[in-house]
Amino acid sequence: MRLRLGGPSSGSAGLAAALMLAIAAPGAVADSVQIMVQDSPLAGSQFHEAGTVWPQLRVGDRLTLVREPDNRHDRKAVRVDWNGHVLGYLPRAENHAVAAALDRGERLEARITALREDRDPWRRIAFAVYLTL
């Protein structure tokens, strides 16, 4: 089961309501609940393998998030891989919460949400990050 919680105004009350709905949903059977915590463009795709594997990528494909605390450009760096290929990174301005969650060992999953043929590399690949409860 996946939930999308949106907007800064939803806060903890919105999270609590969504969790109660997920738990109490009639007929819902799930081993886990996934809450989308972030939807981002892929940063740096032009410097990595995204162009090489582009024809094979599909919306919904699972991505691997790899924490890089020793990255010389960003101590909070989170690399985004697809089937062993480096696609790029979580944008620096958006990586703090995901880096902290990975450092705590939380179960995060990422999936491609959009693929666009665009000259701007920041618009080509978008992906969502989910917290699994």
Side-chain angles (χ1 to χ4, degrees):
M1 174 180 290
R2 287 196 180 162
L3 298 173
R4 179 177 182 161
L5 301 178
S9 63
S10 58
S12 61
L15 175 58
L19 288 173
M20 290 302 294
L21 183 79
I23 293 167
V29 177
D31 293 333
S32 63
V33 174
Q34 288 186 322
I35 300 171
M36 186 173 77
V37 295
Q38 186 168 322
D39 194 6
S40 298
L42 184 68
S45 63
Q46 69 273 31
F47 303 114
H48 300 285
E49 299 175 80
T52 304
V53 298
W54 176 264
Q56 300 161 24
L57 298 175
R58 301 288 178 263
V59 170
D61 282 358
R62 188 177 197 150
L63 303 171
T64 303
L65 301 174
V66 180
R67 185 71 172 86
E68 288 188 353
D70 297 325
N71 184 299
R72 65 186 174 114
H73 301 289
D74 181 6
R75 292 182 329 119
K76 301 288 184 190
V78 178
R79 192 178 75 226
V80 179
D81 293 355
W82 175 83
N83 291 341
H85 298 276
V86 177
L87 297 182
Y89 286 82
L90 230 66
R92 183 182 310 206
E94 301 175 14
N95 68 4
H96 289 90
V98 172
L102 289 170
D103 290 346
R104 289 189 301 269
E106 293 183 21
R107 291 175 46 199
L108 298 180
E109 179 180 311
R111 293 195 178 266
I112 296 173
T113 57
L115 295 167
R116 297 178 192 90
E117 294 280 350
D118 197 294
R119 292 180 61 205
D120 181 354
W122 281 83
R123 296 181 45 86
R124 290 183 191 145
I125 301 173
F127 64 101
V129 178
Y130 300 92
L131 172 64
T132 302
L133 303 176

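Follow the hydrophobic side-chain contacts under 4.5 Å out from Val59 and you reach Val53 in the same cluster. By the criterion of side-chain heavy atoms lying less than 4.5 angstrom apart, applied directly or through intervening Ile, Leu, Val, Met, Phe, Trp or Tyr residues, Phe47 is not grouped with Ile125; the two fall into different hydrophobic clusters. By the rule that hydrophobic residues join a cluster once side-chain heavy atoms approach within less than 4.5 Å of another member, Val98 and Trp122 end up as members of separate clusters. Both Val129 and Ile112 belong to a single network of hydrophobic side chains, linked directly or stepwise wherever heavy atoms of I, L, V, M, F, W or Y lie under 4.5 Å apart. Cluster membership for Val78 and Tyr89, using ILVMFWY side-chain heavy atoms within less than 4.5 angstrom, is not shared.
When the options Arg79, Lys76, His73 are evaluated for a side chain to side chain donor-acceptor pair (under 3.5 Å) with Glu68, the one that passes is Arg79.
Across Gln56 and Trp82, no two heavy atoms sit closer than the pair OE1-CH2, 3.4 Å. Annotation for Arg67 and Arg75: closest pair NH1-O, 2.9 Å, computed over non-hydrogen atoms. Of all heavy-atom pairs spanning Leu133 and Ser32, the tightest one is O-CB, 3.1 Å. The two residues Ala101 and Leu108 have their closest heavy-atom pair at CB-CD1, 3.8 Å. The two residues His48 and Gly88 make their nearest non-hydrogen contact at CD2-CA, 3.9 Å. Shown here for Arg104 and Glu106, the closest heavy-atom pair between the two residues is NE-OE2, 2.7 Å.
Judged purely by atom type and a 3.5 angstrom limit, Thr113 uses its side chain to pair as donor or acceptor with the backbone of Ala126. Under the 3.5 Å distance criterion, the side-chain polar atoms of Arg107 are left unmatched by any main-chain donor or acceptor of Thr132. Checked by atom type and distance alone, the side chain of Glu49 pairs as donor or acceptor with a backbone atom of Val86 at under 3.5 Å. The backbone N or O of Arg119 sits less than 3.5 Å from a side-chain atom of Arg124, completing a donor-acceptor pair. Using a distance-only test at 3.5 Å, with no hydrogens or angles considered, a donor-acceptor pair links the side chain of Arg58 to the main chain of Pro55. With hydrogens and angles ignored, the 3.5 Å screen pairs a side-chain donor or acceptor of Gln38 with a backbone N or O of Glu94.
Here Leu65 contributes atom CG and Leu102 contributes atom CG; the two are 6.0 Å apart, rounded to the nearest 0.5 Å. Interatomic distance, Leu57 CG to Phe127 CZ, rounded to the nearest 0.5 Å: 12.5 Å.
The shortest side-chain heavy-atom distance between Asp81 and Leu63 does not fall under the 4.5 Å cut-off.
Atom CZ of Arg72 has 12 or fewer neighbouring heavy atoms from other residues, nucleotides or ligands inside a 6.0 Å radius.
Defined by atom type and a distance below 3.5 Å, a donor-acceptor pair is present between the side-chain atoms of Glu117 and Trp54.
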